[in-house]
A.B. asks: 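Before I ask anything, here is the structure I am working with.
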Amino acid sequence: MEAILKLVYLAAAVCFIFGLKRLSHPRTAVSGNQLAAVGMLAAIIATAFDRQILGYQWIIIGIIVGASIGAIVARTVKMTAMPEMVALLNGFGGAASALVASAEYIRYMTLGETPPVNVTVTIQLSVLIGTVTFSGSLVAFGKLREIVTGTAVTYPLQKTLNAILFAGTIGLVIWLSMEFPLPYVILILAGVGLLLGVLSVIPIGGADMPVVIALLNSYSGLAASMTGFVINNHGLIISGALVGASGLILTAIMCKAMNRSLANVLFGAFGAGAETGSSVIVAGQKIEQPIKQITADDAAMLMAYGKQVVIVPGYGLAVAQAQHEVREMAELLEKRGVTVKYGIHPVAGRMPGHMNVLLAEANVPYDELYDMDDINPDFEQTDVALVIGANDVVNPAARSNPESPLYGMPIMDVDKARSCIVMKRSMRPGFAGVENELFYATVTSMLFGDAKDSLKQLISEIKEL
Amino acid sequence: MEAILKLVYLAAAVCFIFGLKRLSHPRTAVSGNQLAAVGMLAAIIATAFDRQILGYQWIIIGIIVGASIGAIVARTVKMTAMPEMVALLNGFGGAASALVASAEYIRYMTLGETPPVNVTVTIQLSVLIGTVTFSGSLVAFGKLREIVTGTAVTYPLQKTLNAILFAGTIGLVIWLSMEFPLPYVILILAGVGLLLGVLSVIPIGGADMPVVIALLNSYSGLAASMTGFVINNHGLIISGALVGASGLILTAIMCKAMNRSLANVLFGAFGAGAETGSSVIVAGQKIEQPIKQITADDAAMLMAYGKQVVIVPGYGLAVAQAQHEVREMAELLEKRGVTVKYGIHPVAGRMPGHMNVLLAEANVPYDELYDMDDINPDFEQTDVALVIGANDVVNPAARSNPESPLYGMPIMDVDKARSCIVMKRSMRPGFAGVENELFYATVTSMLFGDAKDSLKQLISEIKEL
Amino acid sequence: MIEGLVDLLVVFVLAMFIGFEVITKVPPTLHTPLMSGSNAISGVTILGAMVVAGRGDTRVATIVGLVAVIFAMINVVGGFMVTDRMLHMFKAKPEEQK
Amino acid sequence: MIEGLVDLLVVFVLAMFIGFEVITKVPPTLHTPLMSGSNAISGVTILGAMVVAGRGDTRVATIVGLVAVIFAMINVVGGFMVTDRMLHMFKAKPEEQK
Ligand SMILES: NC(=O)c1ccc[n+]([C@@H]2O[C@H](COP(=O)([O-])OP(=O)(O)OC[C@H]3O[C@@H](n4cnc5c(N)ncnc54)[C@H](OP(=O)(O)O)[C@@H]3O)[C@@H](O)[C@H]2O)c1
Ligand SMILES: NC(=O)c1ccc[n+]([C@@H]2O[C@H](COP(=O)([O-])OP(=O)(O)OC[C@H]3O[C@@H](n4cnc5c(N)ncnc54)[C@H](OP(=O)(O)O)[C@@H]3O)[C@@H](O)[C@H]2O)c1
């Protein structure tokens, strides 16, 4: 019986692995995700036959409640709210792991047994990681929802305090591993964990949340793994490790694309004073050149009679929810024989692949989307580079100006195009809060206004041509 | 103590994994192999502290003897003898695994204990797989050394007999798993295994040995894994599985490149009647067109005044040991401003990567070697395609003639070059034993003679120009 | 018993390797679905939660278990469904689909 | 005890996955060294052989162990050394090396 259960868990793990493997291409991704889901289902059903389980009422209630909540959320959430969504789900996962571990602890307490040292250690770790994930994710969620301020909250001695707290926690764990089991010790740990989660995410700027979320994602996986160690369950250990790895990789990718170290993201208090959505001007080196503006009909003309137009979307497109208008315009242009390509910067938007999802939602075929490295050589032969709500990812300072916080980050070479049209609402900087020389370049002309409105105008203009 | 031992084994396994990962590029490969070796060393040292070990004299003797034999063989073996070498080592590995498993069995016998069923099963499996690997590898070795005839030995009802034997073995294992432990049962199993190994390799043509060796390689890994199951050692299980996987993949790659199913390789008795090195003409559709011959000086002229020459080496180059001459000639041509490239077919020669090793031995930089898919488009712009001792891999029948046994196998498109010079000793066919229309094509001219001699002539001719 | 820990550690390490190998193959295009999908997998802790909720030790333990089941289930169902929703939006050029 | 078998099976399966992922990344150029290198790794059975040879049960067992050690050691040393020899022959263009 036990053996069969273990076999099912192994099978489930294999499903997860193949599922993730199939995620490596859009064509197979859907089935991959479903495969993983099937694996999970199988594991759950098998667990129902676990000898230890006596009563089912609570399990069933829990499953029904949880499943329905999950389903509702999944159906109703807006695509642009993905980051928050993931953050929230992370939190729940972490909390669940922590709770399971605590339950084990409680069990030992009530049975009056002293668990072996390896169990005590793993219990504590999974409670800690779980709670940190939980509170951290909630704060991240709050910041993205702008319930909590997106500002990087900083206060004197912050790092020192966190460091001390962290060290203290380690000490606590070690000490408890010997003194264990003490009544309520688990509550202390949980408390510390929650505090740690809040304090470590609060000082991080709202725009860095995606990185944090990826990291928390990996934590939630590790928490599950730890719980696996506690209850000696390979299924949990393997799956947890998979998630842990994936979270770490995504974190690394994002940091790399932003050309910042993880340490800098976590402790750099990036964007302190600058609000999310960057509505405040941060005085960088103020540039005094005049800027060129362009009217919708001129812009329409320019594109309609060009050979190749490359659309470079950014966070602003998501804010303006203008993805459908973009597609409509692109199709109009293509009807007129213009080749339209989309150039996607790895960290355009606010989470990895943000723009891809956004445009996919508007039925833009994924093979019209080009990664930065594929499209950059193309800009020389491009008549119009249309920058829609992107800013940092097209900031030439990243190439030229070693002072700039963006320096070294690979960018889209829109300034190499014959002409470049930038659509945004104002001269306000992007999330990094720095001036953008591109706007003053000779090839560039600005088309101010909300992306959605401007696009609507462009569409009608093109129709009239 | 036990725990530490296990940790070391885990560390060793990690070393193996990273070692294999580093094998993915020539620049890192050397260090990767060394890393794996270090891991092995660590594991061996750690094992020396195993509580079960009482006396060391036999271990030390064994290690010294084995190590020195291994070292000597490794130093002295000729690069062209790699296939045999690997075959032999495989055999030893398999035998060792079988022996360890048998020792466990003997132990149970002497202690008069009945091992749990899972142990009995795994013991038998590792003995079986181990012995099959051993005898199979020896036969393969013999065939490559032409001690045993390279011919695919066939006799009536062969397959039926093997099938029956195989089925019988399965039955035996199952039966023994219940009756176990019977005295001498292990000898029966070993005997069956050895027989099975011989009978399953004998009917395979000498030229197919590389596939067989790759397969046996994977067997030896699986045998090690099984032994790991027997003695409950993660180190063995992991490493064995790694090797098992690698062997299987190589087998698959070779079969694919030869456009044959594994079943066809194992049971097809390919090249029955045709000797290795293909010294017998197999009457394919005899072609009556005349062939064009070319003298060394004309050939030298043609290449020296061309813009681009692509060298397509094959098994014949290995037979002639002419790798150094090739390099010398290539360098002469390059001095004269001719671009020289090497086009390597995945199954040119007699084992995967055979040509790469051969040319590497002659200090040809690996970035001058092009895989088939990279070079094929180039042939249109090639003045001279120089085919040295290759035959099947340049046989257009693979493209055009559905009857040909080669049909569907991807080939080097040398016939697309402006002119094609084929160097071989005669009109004899290659390993597949089929006529090659290429030799009669209008672009082709033959340069007969041993590759080494012909190349020497070419070199002197080019020097004189 | 420390040994047991090591055995589990082995599994953990191997799984980590697989994770890295597999995930690094996922293209940027799919990073958001990857995030939510892997996130759903981390809800695997439901397996532990079920046992806790069904084992019927103390009331406290059971309640804890119940909450754990709910949370984990939200994570699992929400994660997989939202990922599915997202992935269904990715479409190739019409001609490719045929 | 069947359970124990399953635990080991888990390790085996995971290792297999890693094997496939890692090996598929090895380019054709290096397939021969890969063969001999992985071959050397399969000599890992030396670990078992040593125990058998040193455990000093019956004479038969010890002899078997001794032979096993010798064979395995040939496989290990021979495999790694010959691979090393082969790999040392692979050189990039001089300008690359600098
Ligand atoms: N993708 C990720 O995974 C990730 C993760 C963490 C951080 N980040 C960071 O996020 C940034 C992404 O760069 P980005 O260029 O995509 O965005 P950005 O640099 O934040 O710039 C967005 C621009 O869009 C404009 N905008 C906002 N709402 C708009 C609307 N409704 N209509 C038109 N324009 C609007 C804003 O200018 P106005 O206010 O003047 O309109 C703003 O300058 C990078 O700095 C990256 O490092 C990304
Ligand atoms: N690479 C692998 O992993 C692998 C594995 C299994 C099977 N194979 C098979 O092996 C074959 C390899 O094709 P291939 O074209 O490389 O070799 P091939 O088809 O066997 O042809 C080799 C040619 O070299 C000539 N030759 C032999 N000794 C020579 C010498 N001293 N000087 C000059 N020429 C000499 C022979 O013709 P003469 O006798 O007239 O000189 C023979 O026609 C394929 O059929 C492949 O399927 C490869």
Side-chain angles (χ1 to χ4, degrees), chain A residues 16 20-21 23-24 26 29-30 33 37 47 52-55 58-59 62-63 65-67 69-71 73-74 86 89 92-93 95-97 99-100 103 106-107 110 116 118 217 220-221 224 227 229 231 234 236-239 241-243 245-246 249 346 352-353 356-357 360-361 365-367, chain C residues 1 5 8 11-12 15-16 19-20 22-23 25-26 28-32 34-39 41-45 47-58 61-62 64-75 77-84 86-87 89-93:
Chain A
F16 296 154
L20 289 173
K21 278 170 80 73
L23 267 183
S24 59
V30 176
N33 182 54
T47 311
Q52 302 180 61
I53 296 183
L54 309 175
W58 296 117
I59 298 179
I63 288 185
V65 174
I69 297 179
V73 179
V86 174
L89 293 176
F92 288 137
S97 300
L99 287 169
V100 174
I106 296 169
R107 183 185 179 76
T110 42
N118 55 325
N217 189 356
S220 71
T227 314
F229 278 92
I231 63 174
H234 285 139
L236 261 65
I237 296 180
I238 298 174
S239 327
L242 290 174
V243 180
S246 103
I249 291 176
N356 306 78
V357 177
E361 188 189 0
Y366 58 73
D367 32 26
Chain C
M1 112 245 136
L5 188 62
L8 299 179
V11 175
F12 179 73
M16 269 285 184
F20 277 108
V22 172
I23 303 296
K25 287 215 193 77
V26 179
T29 323
L30 291 171
H31 276 163
T32 302
L34 172 64
M35 244 170 148
S36 55
S38 60
N39 176 271
I41 293 179
S42 74
V44 66
T45 185
L47 306 182
M50 286 170 67
V51 174
V52 174
R55 202 162 42 187
D57 312 341
T58 54
T62 314
V64 172
L66 174 63
V67 180
V69 171
I70 297 178
F71 278 8
M73 211 55 199
I74 295 178
N75 186 345
V77 175
F80 280 126
M81 280 182 64
V82 84
T83 311
D84 191 60
M86 248 187 283
L87 289 173
M89 300 185 317
F90 285 87
K91 294 196 189 53
K93 277 220 192 65

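The model shown is predicted, which means the values in this text are computed figures rather than measured ones. All chains are named by letter (A, B, ...) in the order of the sequence lines, taking the proteins before the strands, and each is independently numbered beginning at 1. We use all heavy atoms of the structure for the numbers below, so side chains are in, but hydrogens, waters and symmetry mates are not.
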A.B. asks: Which bit of A/I231 comes within less than 4.5 Å of chain C, counting heavy atoms only: side chain, backbone, both or neither?
C.D. replies: side chain

A.B. asks: Minimum heavy-atom separation for C/L30 and A/P26, please, with both atom names.
C.D. replies: CD1-N, 3.6 Å

A.B. asks: What option among C/T83, C/T62, C/V52, C/I70 has the most heavy-atom pairs under 4.5 Å with chain A?
C.D. replies: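 Looking at each option in turn, the highest pair count goes to C/I70.
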
A.B. asks: Can you tell me how far apart OH (A/Y366) and OG1 (C/T29) are? Round to the nearest 0.5 Å.
C.D. replies: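 Rounded to the nearest 0.5 Å, the OH-OG1 separation comes to 9.5 Å.
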
A.B. asks: Could you tell me which portion of C/V22 (side chain, backbone, both or neither) has an atom closer than 4.5 angstrom to a non-hydrogen atom of chain A?
C.D. replies: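 The answer is the side chain of C/V22.
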
A.B. asks: With a 4.5 Å cut-off on heavy-atom pairs, point out which of A/A71, A/A95, A/P346, A/A224 contacts chain C the most.
C.D. replies: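 Highest number of pairs under 4.5 Å: A/A71.
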
A.B. asks: Count the heavy-atom pairs under 4.5 Å between each of C/V26, C/L66, C/T58, C/I41 and chain A, then report the option with the highest count.
C.D. replies: C/I41

A.B. asks: In terms of heavy-atom pairs under 4.5 Å, which option from C/G65, C/G78, C/A61, C/G79 contacts chain A the most?
C.D. replies: C/G78

A.B. asks: A/A245 and C/F20: which non-hydrogen atoms are nearest, and at how many Å?
C.D. replies: CB-N, 3.8 Å

A.B. asks: Is a donor on one side and an acceptor on the other found under 3.5 Å between the side chain of C/D84 and the backbone of A/V30?
C.D. replies: no

A.B. asks: Nearest 0.5 angstrom please: C/L8 CG to A/N118 CG, how far?
C.D. replies: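 Separation between the atoms: 8.5 Å.
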
A.B. asks: Give the intermediate values and the outcome of side-chain contact (heavy atoms from CB on, under 4.5 Å) for residues A/L23 and C/L87.
C.D. replies: CA-CA 10 Å; A/L23 267 183; C/L87 289 173; 4.0 Å; yes

A.B. asks: How far apart are the closest heavy atoms of A/V100 and C/A68, and which atoms are they?
C.D. replies: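 The answer is CG2-CB, 4.1 Å.
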
A.B. asks: Considering only heavy atoms, which portion of A/T110 lies under 4.5 Å from any heavy atom of chain C: side chain, backbone, both, or neither?
C.D. replies: side chain

A.B. asks: Just verifying a value: how many Å separate A/E361 CD and C/F90 CZ, rounded to the nearest 0.5 Å?
C.D. replies: 10.5 Å

A.B. asks: Given the options C/A53, C/G19, C/S42, which has more heavy-atom pairs under 4.5 Å with chain A than any of the others?
C.D. replies: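 Highest number of pairs under 4.5 Å: C/S42.
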
A.B. asks: I'd like to verify something: which residue of A/V357, A/I69, A/L242, A/I106 has the highest number of heavy-atom pairs under 4.5 Å with chain C?
C.D. replies: A/V357

A.B. asks: Restricting to side-chain hydrogen bond (donor to acceptor under 3.5 Å, both in side chains), what partner residues turn up for A/N356, sequence neighbours left out?
C.D. replies: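 side-chain hydrogen bond (donor to acceptor under 3.5 Å, both in side chains) list for A/N356, sorted by chain: empty.
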
A.B. asks: Could you list the residues that satisfy side-chain hydrogen bond (donor to acceptor under 3.5 Å, both in side chains) with A/N217, not counting sequence neighbours?
C.D. replies: C/S38

A.B. asks: Do you know which of A/L54, A/I238, A/V86, A/I249 has the most heavy-atom pairs under 4.5 Å to chain C?
C.D. replies: A/I249

A.B. asks: Please report the closest heavy-atom contact between A/A103 and C/V64, naming both atoms and the distance.
C.D. replies: CB-CG1, 4.2 Å

A.B. asks: As an exercise: rank A/N33, A/T47, A/I59 by heavy-atom pairs under 4.5 Å with chain C and give me the winner.
C.D. replies: A/N33

A.B. asks: Could you tell me the separation between the CZ atom of A/F92 and the CG atom of C/N75, rounded to the nearest 0.5 Å?
C.D. replies: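 Spacing of CZ (A/F92) from CG (C/N75) equals 9.0 Å.
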
A.B. asks: Dump the intermediate steps for side-chain contact (heavy atoms from CB on, under 4.5 Å) on C/I74 and A/L89, then the final yes or no.
C.D. replies: CA-CA 7 Å; C/I74 295 178; A/L89 293 176; 4.0 Å; yes

A.B. asks: With rounding to the nearest 0.5 angstrom, report the OG1 to CG distance, C/T45 to A/L99.
C.D. replies: 8.5 Å

A.B. asks: Please name the pair of heavy atoms, one in A/G62 and one in C/V69, separated by the smallest distance, quoted to 0.1 Å.
C.D. replies: C-CG1, 3.6 Å

A.B. asks: For chain A, find which of C/K25, C/M50, C/M16 contributes the most heavy-atom pairs closer than 4.5 angstrom.
C.D. replies: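 Most pairs with chain A among the choices: C/M50.
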
A.B. asks: Considering only heavy atoms from C-beta outward, does the side chain of C/L34 approach that of A/L20 to under 4.5 Å?
C.D. replies: yes

A.B. asks: Under 4.5 Å heavy-atom distance to chain A, tell me which part of C/L47 shows up: side chain, backbone, both or neither.
C.D. replies: both

A.B. asks: Looking only at heavy atoms and a cut-off of under 4.5 Å, which of C/V82, C/V51, C/N39 has the most pairs with chain A?
C.D. replies: C/N39

